[in-house]
Amino acid sequence: MKYFSTKNKTVPFSFEDAVLKGLPQDNGLFVPEYLPQLDADFLSQLSRYSFQEIGTEIGKHFVGNEIETSVLNKIINEVLSFPAPLVTVEDNIHSLELYHGPTLAFKDFGARFMARIMHHFNKNKNKKLRILVATSGDTGGAVASGFFGLSGIEVVILYPKGRVSHYQKKQLTTFGNNIQAIEVDGSFDDCQRLVKLAFLDSDINKVCSLSSANSINISRLIPQSFYYFEAVKQLNLDKNTSLYFSVPSGNLGNLTAGLYAKKMGLKIDKFISANNANDFFSNYLISENETFKESVITLSNAMDVGAPSNFYRILGLYGSTWNNIVKEINPYVLSDAQTISAITKCYKDNNYILDPHGAIGYSSLKSYIKFNKNIVGVFLETAHPAKFYEELERKVPFKIPIPTELQKLNELKEVYIELSADFESFKEYLINTQ
Ligand SMILES: *Cc1c(COP(=O)(O)O)cnc(C)c1O
């Protein structure tokens, strides 16, 4: 399998290059040259495969001959060491719980896979690899956890000051060892801009060997496609039922991975792009308007992205044709007030606790399927509700239990560096700490 930049279809890259570089020099994004068509028997008999076997069956097409299947299988067994259960919330509405990993958010899947793939490719080199990651909250913790203690690799996390939750900040700043946290006086988009500029800066690249760990890294997306198959396996629908996936979206990585799953042959009828007030993509689906927006702060902070990078991967997948994209994806937008109502009502009606991101997925899904009994819907429950305990505590009329993994973080000391959002100070930091 070869990889190309979204901006240049003539220069091929290996999987190793695409993963280790993270971003091509032309400021595009790496994409696979094609999406593999999965075997018809595999697709019709998913229930015979374990989650790990599903991962290996799909993953082997993306790594091609660069990683032996037995090695890939071992990596995938380590990555998928926790389940992705499908839980029925109410008639025809299922929650795909993606928060059973170490940092209690779906980003563990991508981060754990990427960390092990990078480690695999880097382990015979004598060069320290530095991973830069901009995070709106959950990515950084997942990436830190994924790379923690791996030799020869150092992680630099940039997060926006005052815009991550109590437990997210704990997860970002308490690892130590090969993990460094930087608190940026700015927004997530500022953090993302700093990372992009660092990759394009020749002074930095002369002294540092950099890689990126955002959802812009193609190795993050690959394992995110696995759980769409795992969900369909658990649903075991008959052929005539329409299946909708509602995806709470920010940087559009999860949605892109779902579209990949469909292109590989998984029967999915529609996607819903479930957005908070950062509604660039829903707005695009409605109006064909491609103008990015400034991000605004919401309760579902991991979706506070004004300029989603993966938009260009989605465009590429459909030949940049809006008509084809709107056939696959429906828009939906929820305010913070509507998010709180959804969490409250879902708890009252179903005794099921949603996190603010999953709540947007749930509500969006409900609005599409309520008039059509032939549709079965799955929403991605992308984080454990306790991660947003502080934000929710005073707003919902019930208690949110805190898992012990989170409680333990309160005892650890936070270590981080504070920087402004201008590029020069970040550049200086990177060069001086190399
Ligand atoms: C990152 C994140 C999202 C948004 O996912 P994208 O792939 O960036 O669209 C949604 N929910 C949670 C909890 C997240 O951490």
Side-chain angles (χ1 to χ4, degrees), residues 1 32 34-64 69 72-73 75-88 93-101 106-114 116-117 215 218-239 241-249 252-272 310 313-314 317 328-329 358 361 365 375-382:
M1 175 72 84
Y34 61 89
L35 285 163
Q37 289 310 297
L38 300 177
D39 191 69
D41 285 342
F42 168 73
L43 289 168
S44 63
Q45 298 178 42
L46 287 174
S47 60
R48 294 195 176 181
Y49 293 79
S50 68
F51 192 12
Q52 295 81 358
E53 286 165 344
I54 287 176
T56 306
E57 195 58 33
I58 299 165
K60 70 184 188 197
H61 295 280
F62 287 94
V63 307
T69 303
L72 178 70
N73 188 240
I75 290 174
I76 289 195
N77 284 340
E78 283 172 28
V79 173
L80 303 180
S81 59
F82 51 89
L86 194 72
V87 174
T88 302
I93 296 193
H94 307 269
S95 168
L96 182 63
E97 292 184 351
L98 300 175
Y99 59 69
H100 295 279
F106 83 86
K107 294 197 169 71
D108 282 325
F109 288 97
R112 288 164 72 78
F113 185 70
M114 176 180 62
R116 282 161 184 79
I117 295 287
S215 51
I218 189 68
S219 65
R220 291 268 306 275
L221 289 188
I222 294 166
Q224 287 177 218
S225 71
F226 303 164
Y227 44 69
Y228 287 89
F229 292 82
E230 178 67 7
V232 170
K233 169 182 118 182
Q234 293 175 67
L235 270 176
N236 206 6
L237 292 179
D238 69 62
K239 289 199 181 62
T241 314
S242 290
L243 173 59
Y244 279 38
F245 267 95
S246 177
V247 185
S249 291
L252 298 172
N254 243 342
L255 185 57
T256 305
L259 296 168
Y260 279 11
K262 180 166 180 178
K263 289 253 177 188
M264 287 189 270
L266 189 64
K267 188 191 167 295
I268 298 173
D269 294 278
K270 274 269 190 211
F271 292 89
I272 300 165
N310 286 298
R313 284 199 172 111
I314 295 179
L317 213 47
E328 301 286 350
I329 315 167
L365 181 59
I375 299 173
V376 164
V378 173
F379 65 96
L380 307 195
E381 182 37 297
T382 47

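Just so it is clear, the model here is predicted, and its values are computed rather than measured.
Q224 contributes no side-chain N or O that, together with a main-chain N or O of A257, makes up a donor-acceptor pair within less than 3.5 Å. Using modelled atom types, one side-chain atom of K262 and one backbone atom of I268 make a donor-acceptor pair closer than 3.5 Å. In this structure, R112 contributes its side chain and V79 its backbone to a donor-acceptor pair below 3.5 Å. One N or O on the side chain of Q37 and one on the backbone of K263 form a donor-acceptor pair closer than 3.5 Å. The main-chain N or O of L72 is never found under 3.5 Å from a side-chain atom of K60 such that the two would form a donor-acceptor pair. A donor-acceptor pair under 3.5 Å is formed between the side chain of S50 and the backbone N or O of E53. D269 places a side-chain N or O within 3.5 Å of a backbone atom of L243 that can act as its donor or acceptor partner.
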For this session: Any chance you could lay out the side chain to side chain contact (heavy atoms under 4.5 Å, CB included) test for Y227 and I54, step after step, and finish with the verdict?
Result: CA-CA 9 Å; Y227 44 69; I54 287 176; over 6 Å; no
For this session: For the pair V63 and I222, evaluate side chain to side chain contact (heavy atoms under 4.5 Å, CB included) and give the outcome as yes or no after the intermediate values.
Result: CA-CA 10 Å; V63 307; I222 294 166; over 6 Å; no
Problem set entry | Stepwise side chain to side chain contact (heavy atoms under 4.5 Å, CB included) test for M1 and Y34 | CA-CA 8 Å; M1 175 72 84; Y34 61 89; 3.9 Å; yes
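Scanning all heavy atoms of the two residues, the minimum distance from D108 to G101 falls at OD2-C, 3.1 Å. Q45 and Y49 make their closest contact through O-CD1, 3.3 Å (heavy atoms, listed as atom of the first residue, atom of the second, distance). A pairwise comparison of heavy atoms in S47 and K233 identifies CA-CG, 3.7 Å as the closest pair. Looking at every heavy atom in both residues, S246 comes nearest to G361 through OG-O, 2.8 Å.
Two residues are said to be in side-chain contact when any heavy atoms from C-beta on lie closer than 4.5 Å; L365 and F245 fail this criterion. In this structure, the side chains of P85 and H100 come closer than 4.5 Å at one or more pairs of heavy atoms. Taking the side chain as every heavy atom from C-beta outward, H61 and L38 approach each other to under 4.5 Å. You'll find the side chain of L35 reaches within 4.5 Å of the side chain of L317, heavy atoms only. Under the 4.5 Å side-chain criterion, counting only non-hydrogen atoms from C-beta, P83 is not in contact with E230. Between F113 and L80, every side-chain heavy-atom pair lies at or beyond the 4.5 Å cut-off. When side chains are defined from C-beta on, R313 counts as touching L221, because their heavy atoms get closer than 4.5 Å.
Interatomic distance, N310 CG to T256 OG1, rounded to the nearest 0.5 Å: 4.0 Å. Note that CG of L86 is 10.0 Å distant from CG of L98, once rounded to the nearest 0.5 Å. How far OG1 of T241 is from CG of L235: 9.5 Å, rounded to the nearest 0.5 Å. For the atom pair CG of N77 and CZ of F51, the computed distance is 11.5 Å after rounding to the nearest 0.5 Å.
Remark: aromatic rings of F82 and F109 are close, center separation under 6.0 Å.
Of the residues listed (L96, V247, I58), the one engaging Y228 in a side chain to side chain contact (heavy atoms under 4.5 Å, CB included) is V247, and it is the only one.
Between Y260 and F62, the angle of the ring planes stays under 30°, which puts this pair in the parallel group of the 30/60° scheme.
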